[in-house]
Enquirer: 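This is the structure I have questions about; it appears just below.
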Amino acid sequence: MALELSEQEQFRRNSLQELFNLGINPYPAESYLINATTSEILTNFPADNTRYQEVSLAGRIMTRRIMGAASFVDIQDSAGRIQLYIKRDDICPGDEKTLYNTVFKRLMDIGDIIGVTGFVFNTQMGEISIHVKELKMLSKSVKPLPIVKEAEGQTFDAVTDPEFKYRQRYVDLIINPAVKDVFVKRTKVVNIIREFLNSQGALEVDTPVLQSIPGGATARPFITHHNALDIPLYLRIANELYLKRLIVGGFDWVYEFSRDFRNEGMDRTHNPEFTILEFYVAYRDYFWMMEQTEQMLQKIAVGLYGKTDVPFGDTTISFKAPFNRISIYDAIKEHTGIDVSAMDEAQLRIVCRQLELETDNTMGKGKLVDLLFGEKCEHHYIQPTFIIDYPVEMSPLTKKHRSKPGLVERFELMINGKEIANAYSELNDPIDQRERFEYQVKLMERGDNEAMFIDYDFLRALEYGMPPTAGIGIGIDRLVMLMTNQASIQDVLFFPQMRPEKKAIVNLVTDDDFIAQGIPAEWVPVIRKAGFKTPEEVKAANPNKLLNDLSGLRKKLKLEITSLKLEEVQAWCKD
RNA sequence: CUCUCGGUAGCUCAGCUGGUAGAGCAAUUGACUCUUAAUCAAUGGGUCACAGGUUCGAAUCCUGUCCGGGAGACCA
């Protein structure tokens, strides 16, 4: 007997055995063919019709109401829930009532997956239900499912513990239907984007995740090692430089949904792995890209909700094109009253001090402007706004502005006070690009540990000539957060990163390890129940106290096993 | 990494200023042929996250550790 299982888990394991004893396989191998889904029936079954007279469907038991010889069961499939009406004499037409009395009533539990056939009807209370003719166990659940009940729009005992939800997302998905909806919408967003891009002739591509130079962004990478080549490799922090190589290679429009990895802090908008859509289009500039972005986001909103207004928190975000545009210097002027557009590094540092922002000597002009914007402006932009024309120092991959010296042709799209997209007219002058990289190296020497590495192969590609190109990166996770009204990135990732649970050691120690120490097999479960996880812990115990505890447990649990003598216990505790 | 709040039955939670744990749902047994948070009766279920300490006595007080949330720091 496995004492470490909870009472309910033990009951279910016993039921499992009883099913086997009755000749019923609780985990049958063969297909179970269905011809309907719950939601299909609920939407199509008209009150006065005789459709769906022979349906077959399958799902998980979510709740049961047993009234003697008749019962109501709610099952849930991938599409929704429906009520079953199960009558003893209908599923057991003869004298043999075991299927109902024993299998259904006693051996089936909430959480089990069953298949049923029957006909659809309306109950006296007017609920569309299935009158079951046949019932089959498809998968026995041996772990009790948290029970969430609902009535008149109110939910009772919903599991809200974030740790539970994120670690056991499979349970979260079963019991919280709204969670499923978020992820369905996530896929919809991705599909709408694909269609939007493909319909314009874009080509979806794959580029390396393992890179020997982590380029295209400034962030600390995850590092790993390739044994055969004996070189370090990095998980990509961006795929930008590879997509641009493909533009050099002659593709006019490429895109990739790129899983990127950054070895940095985690919070409600950062997960170590996340998804960015990047796309690059030859012969276009950042103005064109702003229009594309507006069109795309508007399409997503309309595709999900049929309108451009999307609720988020206590506000509504309008994705109706066009979006506002403001230069980063104007934004800073607007929110601080200070015109920094003509300032050099020293003057900027003074401004930052005046505004009580912390600076240090590793920060160049670009970082200081970034700091001012990030601290004083960013959070003001709730409605979609393009922040444009950044200083050249903070944009090493961006083309110099066609008419404004010291600036580059870049925009970031801010929504709800957060950056959603980052785009530029791409720098395609190889000489300029080399100089920009070299400036990055200087920053690194000054102590900026996130300045970019030089990718010489990328420079070589540019030297062959890259057409004028517009490029963008859009944070898909954050976009999905906006589109599904979720405050945390963890709620739009199926399996957000978590510290591992520490339970492994309990499972690694087998009963044999205890037996090897001279402990009788029948006492091993008791020892575990008493809290000893390893034989070493038993060895270290006080024999008198151990004997007392074990004998106490034996009595408490009414175990019919031979009692222990002190000498025996003393023997375990010695080597 | 810092501050802060939390971890009690399968789930949701109560447990006050220390006296060895309670409720609802779930479970078990029984009753019940249209219920729907089904109902009624009885029953069982807990290393109070973990490890120390203070105390005659700790879920409760103190210290440390682990895990999580929130806010910051770092970072797009």
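Order of the sequence lines fixes the chain letters, A, B, ..., with proteins taken first and strands second; residue numbering starts at 1 for each chain. What you see is a predicted model, and the numbers here were worked out from it, not measured in a lab.
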Enquirer: In whole Å, what separates the C1' atom of B/C32 from that of B/A42?
Expert: 16 Å
Enquirer: Partners of A/D172 by salt bridge (Lys or Arg N to Asp or Glu O under 4.0 Å), sequence neighbours excluded?
Expert: A/K165, A/R169
Enquirer: Would A/E18 and A/R106 pass as an ion pair if we require N to O under 4.0 Å?
Expert: yes
Enquirer: Stacking between B/A37 and A/F156, yes or no? Criterion: centroid separation under 5.5 angstrom, plane angle under 30 degrees.
Expert: yes
Enquirer: Could you tell me whether A/H335 and A/Y381 have their ring centroids closer than 6.0 angstrom?
Expert: yes
Enquirer: List, with names and distances, any nitrogen or oxygen atoms from the protein found under 3.5 Å away from nitrogen or oxygen atoms belonging to nucleotides 2-4 of chain B.
Expert:
none

Enquirer: Thinking salt bridges, do A/R410 and A/E426 make one under a 4.0 Å N-O criterion?
Expert: no
Enquirer: Quick one, give me the B/S/- string for nucleotides 5-13 of chain B, reading 5' to 3', where B means a protein heavy atom under 4.0 Å from the base and S means that only happens at the primed atoms, P, OP1 or OP2.
Expert: -----BSS-
Enquirer: Examine A/F411 together with A/F386 and report whether their ring centres are nearer than 6.0 Å.
Expert: yes
Enquirer: What salt bridge (charged side-chain N to carboxylate O under 4.0 Å, His left out) pairs are there with at least one residue in residues 140-150 of chain A, not counting sequence neighbours?
Expert: A/E9-A/K143, A/D109-A/K140, A/D112-A/K140
Enquirer: When the C1' atoms of B/U43 and B/C48 are compared, how many Å lie between them, rounded to an integer?
Expert: 23 Å
Enquirer: Any side-chain N or O of A/Q490 below 4.0 angstrom from OP1/OP2 of B/G69?
Expert: yes
Enquirer: Sugar-phosphate means primed atoms, P, OP1 and OP2; the rest is base. With that split, encode nucleotides 30-36 of chain B 5' to 3' as B, S or - using protein heavy atoms under 4.0 Å.
Expert: --BBBBB
Enquirer: Would you please name every residue forming a side-chain hydrogen bond (donor to acceptor under 3.5 Å, both in side chains) with A/S425, sequence neighbours left out?
Expert: A/E409
Enquirer: Quick one: on RNA chain B, does A/P162 or A/F373 contact a more 5' nucleotide (nearest heavy atom)?
Expert: A/P162
Enquirer: Using the P atom on both, measure B/A31 against B/G24 and round to a whole Å.
Expert: 23 Å
Enquirer: Would you please name every residue forming a side-chain hydrogen bond (donor to acceptor under 3.5 Å, both in side chains) with A/T269, sequence neighbours left out?
Expert: A/D267
Enquirer: Let me check I have this right: for RNA chain B, each base becomes ., (, ), [, ] or |, based on Watson-Crick or G-U pairs with both distances under 3.5 Å. What is the full string?
Expert: (((((((..((((.....[..)))).(((((.......))))).....(((((..]....))))))))))))....
Enquirer: Kindly say if A/R268 contacts the phosphate of B/G69, meaning a side-chain N or O under 4.0 Å from OP1 or OP2.
Expert: no
Enquirer: Between B/G18 and B/C56, how far apart are the C1' atoms? Round to whole Å, please.
Expert: 12 Å
Enquirer: Please measure how far the C1' atom in B/C62 lies from the corresponding atom in B/A37, and state the result in whole Å.
Expert: 43 Å
Enquirer: So A/R186 and A/D477, salt bridge (charged side-chain N to carboxylate O under 4.0 Å, His left out) or not? Walk me through it.
Expert: CA-CA 8 Å; A/R186 181 180 174 118; A/D477 310 288; 2.9 Å; yes
Enquirer: Mind checking whether A/Y85 and A/F72 have parallel, tilted or perpendicular rings, split at 30° and 60°?
Expert: tilted
Enquirer: Heavy atoms only, 4.0 Å cut-off, all strands: where does A/D90 land among base, sugar-phosphate and nothing?
Expert: nothing
Enquirer: Can you pull the salt bridge (charged side-chain N to carboxylate O under 4.0 Å, His left out) pairs that have at least one residue in residues 268-279 of chain A, sequence neighbours excluded?
Expert: A/R259-A/E273
Enquirer: Taking side-chain hydrogen bond (donor to acceptor under 3.5 Å, both in side chains) as the definition, give me every residue that meets it alongside A/R81, ordered by chain and number, with sequence neighbours left out.
Expert: A/Q76
Enquirer: Can you name the residues that form a side-chain hydrogen bond (donor to acceptor under 3.5 Å, both in side chains) with A/S141, not counting sequence neighbours?
Expert: A/R12
Enquirer: Is the phosphate of B/A26, meaning OP1 or OP2, less than 4.0 Å from a side-chain N or O of A/K149?
Expert: yes
Enquirer: For A/E127, which residues count as a side chain to side chain contact (heavy atoms under 4.5 Å, CB included) partner, sequence neighbours excluded?
Expert: A/Q83, A/T123, A/S129
Enquirer: Closer than 4.0 Å, any side-chain N/O of A/R12 to the OP1 or OP2 of B/A27?
Expert: no
